[in-house]
Protein chains: 2
Amino acid sequence: MPQRLIRKLEHFTRLSDADKDALNGLGRKVRLCEAGTDIIREGDTPENVNLFLDGWAYRYKQLEDGRRQIVAFFVPGDLCDLHVFVFREMDHAIAAITPVRLAVIPREHLLNLMDRHPRVTRALWWETLVNAAIQREWTFNLGRRTALERLAHLFCEVFLRLRAVGLTEGNTCPFPVTQVELADATGLTSVHVNRTLREMRASGLIVFKGRQFTVPDFLALRKVALFNPNYLHLDHEGAYLNANA
Amino acid sequence: MPQRLIRKLEHFTRLSDADKDALNGLGRKVRLCEAGTDIIREGDTPENVNLFLDGWAYRYKQLEDGRRQIVAFFVPGDLCDLHVFVFREMDHAIAAITPVRLAVIPREHLLNLMDRHPRVTRALWWETLVNAAIQREWTFNLGRRTALERLAHLFCEVFLRLRAVGLTEGNTCPFPVTQVELADATGLTSVHVNRTLREMRASGLIVFKGRQFTVPDFLALRKVALFNPNYLHLDHEGAYLNANA
DNA sequence: CGCCCATTTGAGTTTAATCAAAAAACGTGG
DNA sequence: CCACGTTTTTTGATTAAACTCAAATGGGCG
């Protein structure tokens, strides 16, 4: 089941068949969450590691006065922190955008796997570090980019992340996110997001249809976003090594 | 030497004498960096894990057009990512604010330590997770807080982090950061930072003297910042357990 | 003393927020 | 397949927060 995760990890390192079997074993215990519900709440005690098999979700924090910030999106193949269970309680919540299918991984199971598959362990660490890098990039995005650049940057990132797990088709990728959520992710208001998207559509940077978008000219989008994909670390040696040999 | 780190980790879990000895062994190879210089640059290949023994630094990213964002501050006791060496190249840079004394930890040395001291390993994971939580909080800060709230929030965070490593004195703590750097950390301009600080001084929220600040009334500062310290996870069981018993 | 860096202030501008309401799209049950 | 309620998107008018540009002041240090 965790094909998306395996596919993503192979951007970093080639995995042996045994490695992949081990990763496949993670998908045993599955949990379903309805769209619009919280998968985990602030204050909850984290017991397991979650792997997103299907569907979209976001990590968010909220103030008492209602101000909300989405701090990350989860797409299939994503893992929440490898060691969440070290914390006594969650300092944020995760909500499902679409119906979500999760692999719920007991801590022992994961530790066991990491004991026996050093290459997988390294690959999972890479996943963790990439997530941290993405978080830093979001910090930059909110601090120093204009509304137009922020949105363009987010679309670039989402497109590449989805491509890494095989969820794009040509220049098109799924994007089941409302403008209100987009506003909460970019630190803008939904009104301003709407106006900026209109502008992007008008200049042909991006095309929205249904719950997906198309990027006619990635180079152009990348240019207005001032997007540098290096922080996704997708160009590692994975493609050139054979772990079975 | 890594007293600050040990002190911080003990907020999370009690460490045995053997654990502490092992951690002390990390401080063997020391590197000095001058104020104002880069400790590591974007594009460099990370070879070691860095532990900050003394001095302040910041992690930053910069655009070709000069826009810069500080995405984290490092204070004594902080570690950069435990597994940086998994990456082929750095996607950001780290610069010294003051003269910095670093412990340079070879990857083998660290892995070795983690093999033999599971309690330390867990504590180091906790450190890593707290850093990720701080990064998320910065994302929120930039996305949804006003200039005044952002600055107040940063002061709350810095104060608590420094207190956790024993670097505060009463309500006072060191803060060798210029207003330009403060602007780059909060996503503001230095002009606006200056005006907001004036306001904070006028209302008695904070007092600056030399390269330090004093918080006359933490509760008041915390209130204007809408600061919730839960993301620092400093209230774990560390204080109640004895690892030697 | 003089230089450099950091801070401070003023005046005018811009980006994005706010408030309010209409239009469009979506899903669902009849 | 249509009607209807709900959610999402869109638009307009006004306001406010933060930025820009420019210059003066202040502090620390050799």
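For Asn194(A), the side-chain atoms get nearest to dT9(D) when compared with the rest of dT9(D), dA18(D), dT20(D).
Arg144(B) places its CZ atom 13 Å from the P atom of dA18(D), with the value rounded to the nearest Å. Remark: P of dT8(C) and CZ of Arg198(B) are 9 Å apart, rounded to the nearest angstrom. Between the CG atom of Leu148(B) and the P atom of dA16(D) there is a distance of 17 Å, given to the nearest Å. Nucleotide dT11(D) holds its C1' atom 12 Å from the CD atom of Gln179(A), rounded to whole Å. Following rounding to the nearest Å, Leu188(A) (CG) and dA16(D) (P) show an atom-to-atom distance of 20 Å. Spacing between atom CZ of Arg211(A) and atom P of dC26(C) amounts to 9 Å, rounded to whole angstrom units. As a whole-Å value, the separation of Arg67(A) CZ from dA17(C) C1' is 13 Å. Arg150(B) has its CZ atom 10 Å from the C1' atom of dA17(D), to the nearest Å.
For Glu169(A), the CD atom counts as loosely surrounded, since its 6.0 Å shell holds 12 or fewer non-hydrogen atoms of other residues, nucleotides or ligands.
Nearest-nucleotide mapping onto DNA chain C: of Arg145(A) and Leu197(B), the residue sitting toward the 5' end is Leu197(B). The residue among Val191(A) and Thr146(A) whose nearest nucleotide of DNA chain C lies closer to the 5′ end is Thr146(A).
Using a 4.0 Å heavy-atom distance criterion, Thr178(B) is classed as a sugar-phosphate-only contact. Within the 4.0 angstrom heavy-atom criterion, only backbone atoms of the sugar-phosphate kind lie near Gly187(A); the bases stay farther away.
Using a cutoff of 4.0 Å between basic side-chain nitrogens and carboxylate oxygens, Glu149(A) and Arg67(B) are scored as salt-bridged. Between Asp184(B) and Arg144(A) there is a salt bridge, with a side-chain nitrogen of the basic residue lying less than 4.0 Å from a carboxylate oxygen of the acidic one.
When each of Thr172(A), Thr168(A), Asn171(A) is checked for a side-chain hydrogen bond (donor to acceptor under 3.5 Å, both in side chains) with Thr214(A), only Thr172(A) meets the rule.
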